[in-house]
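Just so you know, ligand 1 is whichever comes first in the structure, and atom 1 is the first atom listed for that ligand.
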Amino acid sequence: MLVKVVVLTGAGISAESGLATFRDADGLWQGHHVDNVATPEAFHRDPATVHRFYDDRRRELRAVAPNAAHLALARLEQVLGDELLVVTQNVDDLHERAGSRRVVHMHGELLSALCDSCQGRFAWDDDLGDGPACPGCGNDTLRPDVVWFGEMPYDLDLIERALVRSDLFVAIGTSGAVYPAAGFVRMATRAGAKTLELNLDSSETSHLFDDARQGPAGKLVPEWVADVQALSR
Ligand code: BJW
Ligand code: ZN
């Protein structure tokens, strides 16, 4: 029996690929907490530092690969097809590189640039700190195409439509500290979906899930996907 599944992923799913999370012990970048670099105010105050943060992470992407958890979600899409939507808070491209196609990046993407002048969005795999010209308008006003605190996440309408028709909501590797993503479990519950959390430790929202399993995503996600595959046969 096919079920409609919404999977929300956070930084924890990419941790075993070697990418740092935000709020764990390794969550500092050159002594900066994410809240100090991931805001429009920080960007206006000190664009060079914020560009360096994202240029470093964009370069780091080239040296990492999807892990067993990303690969398992791509296998799940083979089984569920259109009935699976992966909503990621991550700005890396590891879901896509694992083979997932139905992925929504609600906090934007490292491999995209956004122009503050013309609002164009452009595929981008180079540094932004050296002030390249915008391919749309020629101004040197490109910024990382990511969603900072106080900005509106992408595709919220699409995500909310998927949540209200879901049978199952699964959150993987996210601390439940950042809204609106942290509120999705309540929205799914209200819609009558079952909810499952797969996370290394208990999160700020663990108590809201029907089932919360603790361990590394590289182990828990393949185990859960194998269970769904067995039920779908
Ligand atoms: C493992 C593991 C392993 C480790 N296996 N697990 C309602 C209430 C209160 C506040 C608000 C609210 N609504 C909005 C707000 C304000 C704000 C907010 O939430 N503030 C909080 C601090 C309280 N939210 C916003 O501003 C959002 N915008 C918005 O709501 O717009 C509406 C609006 C706008 C204007 C006016 C009015 C309304 C935007 C939020 C943008 C977040 N941006 C960032 C940066 C993105 C770019 C980048 O990557 O640099 O997104 S911040 C950062 O946090 C990043 C992440 O996507 C996000 C979430 O972090 P995540 O993924 O959960 O990572 P961690 O590190 O926190 O957790 C990792 C977890 O993995 C841990 O639990 C580990 O245990 C686990 N783990 N290894 C499994 N191997
Ligand atoms: Zn432009």
Side-chain angles (χ1 to χ4, degrees), residues 8-29 32-43 50-58 60-61 67-70 72 87-93 105-122 124 132-156 159 170-184 186 197-206 212-222 224:
L8 171 72
T9 65
I13 197 169
S14 297
E16 288 158 78
S17 293
L19 297 179
T21 60
F22 296 98
R23 294 171 187 82
D24 295 312
D26 63 349
L28 292 178
W29 173 79
H32 299 275
H33 191 272
V34 62
D35 302 356
N36 299 331
V37 275
T39 68
E41 294 75 24
F43 185 60
V50 175
H51 272 309
R52 215 153 24 85
F53 176 58
Y54 288 97
D55 285 347
D56 282 2
R57 288 172 61 199
R58 196 178 301 102
E60 201 180 3
L61 257 194
N67 66 52
H70 300 102
V87 177
T88 188
Q89 298 169 86
N90 299 341
V91 296
D92 65 53
D93 64 341
H105 283 269
M106 64 178 290
H107 291 164
E109 297 180 66
L110 275 176
L111 297 179
S112 176
L114 170 68
C115 179
D116 265 337
S117 302
C118 70
Q119 305 307 316
R121 300 174 74 190
F122 307 94
W124 202 268
C134 167
C137 69
N139 290 323
D140 61 351
T141 45
L142 291 173
R143 56 162 274 187
D145 189 6
V146 301
V147 178
W148 288 321
F149 287 109
E151 296 183 327
M152 194 61 80
Y154 286 116
D155 295 319
L156 282 183
I159 295 166
V170 186
I172 302 170
T174 177
S175 60
V178 175
Y179 288 82
F184 290 170
R186 281 198 172 88
E197 178 180 67
L198 306 175
N199 206 55
L200 194 58
D201 302 306
S202 68
S203 74
E204 295 192 21
T205 49
S206 293
R213 302 178 195 163
Q214 294 180 6
K219 175 172 180 286
L220 295 188
V221 180
W224 167 66

[X] heavy atoms, cut-off 4.0 Å: which ligand 1 atoms fall inside?
X	answer
Y54	47 (C), 48 (C), 50 (O)
V91	47 (C), 49 (O)
E16	3 (C), 5 (N), 80 (N)
G10	62 (O)
D201	75 (O)
P216	5 (N)
P180	30 (O)

Which residue and non-hydrogen atom of the protein lie closest to [atom], and at what distance in Å?
atom	answer
atom 21 (C) of ligand 1	A177 O, 3.4 Å
atom 32 (C) of ligand 1	M152 SD, 3.6 Å
atom 26 (O) of ligand 1	G150 N, 2.7 Å
atom 62 (O) of ligand 1	A11 N, 2.8 Å
atom 45 (C) of ligand 1	V147 O, 3.7 Å
atom 10 (C) of ligand 1	Y179 CD1, 4.3 Å
atom 17 (C) of ligand 1	F149 CD2, 3.8 Å
atom 2 (C) of ligand 1	G12 O, 3.4 Å

Ligand 1-proximal atoms of [X], by part, heavy-atom distance under 4.0 Å:
X	result
W148	backbone
P144	neither
E151	backbone
T174	both
A217	both

Regarding T88 and T9, is there a side-chain donor-to-acceptor distance under 3.5 Å anywhere?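 Short answer, yes.
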
Given side chains that start at C-beta, do those of [X] and [Y] come closer than 4.5 Å, heavy atoms only?
X	Y	value
F22	V178	no
T205	F184	no
S117	C134	no
L61	L19	yes

Would you say the side-chain atoms of [X] pair up with the backbone N or O of [Y], donor to acceptor, closer than 3.5 Å?
X	Y	result
N199	G215	no
E109	D145	no
E16	G218	yes

Verdict with supporting geometry, R143 and W148, side-chain contact (heavy atoms from CB on, under 4.5 Å): CA-CA 11 Å; R143 56 162 274 187; W148 288 321; 3.3 Å; yes

Using non-hydrogen atoms of the residue, decide whether S203 is closer than 4.0 angstrom to ligand 1. no

Say whether M106 and ligand 1 are in contact under the criterion: heavy-atom distance to a ligand atom below 4.0 Å. no

Are R52 and Y54 in a cation-pi setup, meaning NZ or CZ lies under 6.0 angstrom from the ring centre and within 45 degrees of the ring axis? no

Under the 6.0 Å and 45° cation-pi test, does R121 pair with Y154?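 Yes - R121 lies over the ring of Y154, closer than 6.0 Å to its centre and within 45° of its axis.
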
Give yes if a backbone or side-chain nitrogen or oxygen of F22 is under 3.5 Å from a nitrogen or oxygen of ligand 1, and no if not. yes

Ligand 1 and H107, any nitrogen or oxygen pair closer than 3.5 angstrom?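 Yes, H107 has an N/O under 3.5 Å of an N/O on ligand 1.
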
Which pair of heavy atoms, one from G12 and one from A217, lies closest together, and at what distance?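 Closest approach of G12 to A217: O-CB, 4.4 Å.
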
If you take all heavy atoms of E197 and T174, which pair is closest and at what distance? OE2-O, 4.4 Å

Considering [options], which one's heavy-atom position lies nearest to [atom]?
atom	options	value
atom 4 (C) of ligand 1	V221, D24, N199	D24
atom 6 (N) of ligand 1	L200, V178, D145	L200
atom 69 (C) of ligand 1	A15, G173, S14, G108	G173

Give the intermediate values and the outcome of side-chain contact (heavy atoms from CB on, under 4.5 Å) for residues W124 and L110. CA-CA 8 Å; W124 202 268; L110 275 176; over 6 Å; no

